[in-house]
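These figures come from a predicted structure and were not determined experimentally. We're numbering straight along the sequence, starting at 1. Read the numbers this way: they start at 1 and go in the same order the structure lists the ligands and their atoms.
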Amino acid sequence: MAEPLRVLLAGGGTAGHVNPLLATAAELRAGDGAEVTVLGTEAGLERTLVPEAGYPLRIVERVPLPRRPSADLLRLPGRLAGAVRAAEAAIAESRAQAVALADVVRAGELDRLRVCAGDDCEDLVVDLSRNRSRRFCEGGCANRAHVAAYRARRADR
Ligand SMILES: [Zn+2]
């Protein structure tokens with residue numbers, strides 16, 4: 001029998017992020033027999049939901065990207081480097097073969113990483129689209145923004 005595909009899924013935070021992640025994990029496990037490890041943070045819902053669903057969870061420090069210049073911004077490179085080192089260790093130890101975020105970091109394509117354009121959302125967007133047009137995270141912010149724009153247009157009439 002062929003070795004199972006090993007996948008490290010990075011993500012988490014709110015239920016809007018954890019649930020799609022778990023759905024993806026279930027799909028990979030059921031369809032391809034993949035071994036899924038999840039990379040998340042101590043603060044997110046993944047802390048409980050992922051082990052409950054039966055996947056190993058690796059913890060990295062949550063590093064929010066500050067929107068305005070602040071002391072946090074100065075600490076960002078160090079914290080980011082620490083989180084990247086923890087992520088690299090998780091990738092190595094889980095022997096993962098598919099890690100989208102790590103690919104972006106390794107390829108030096110950090111311009112593909114941005115903060116979600118959704119109101120009050122500071123989630124990281126990993127833009128793997130060909131034309132680099134992605135603005136929203138996977139937590140439903142694109143949908144919310146479209147609904148809000150639609151309502152604003154209706155209200156104008
Ligand atoms: Zn968002």
N, O or S atoms of the protein lying under 2.8 Å from the Zn ion (ligand 1): C116 SG, C121 SG, C137 SG, C141 SG
Answer yes or no: is there a donor N or O on one side and an acceptor on the other, between the side chain of [X] and the main chain of [Y], under 3.5 Å?
| X | Y | result |
| --- | --- | --- |
| R134 | F136 | yes |
| D127 | S133 | yes |
| R144 | G139 | yes |

Answer yes or no: is there a side-chain heavy-atom contact under 4.5 Å between E46 and T41? yes
Is there a side-chain contact between T37 and L9 (heavy atoms, below 4.5 Å)? no
Are there over 12 heavy-atom neighbours, none belonging to R47, within less than 6.0 Å of that residue's CZ? no
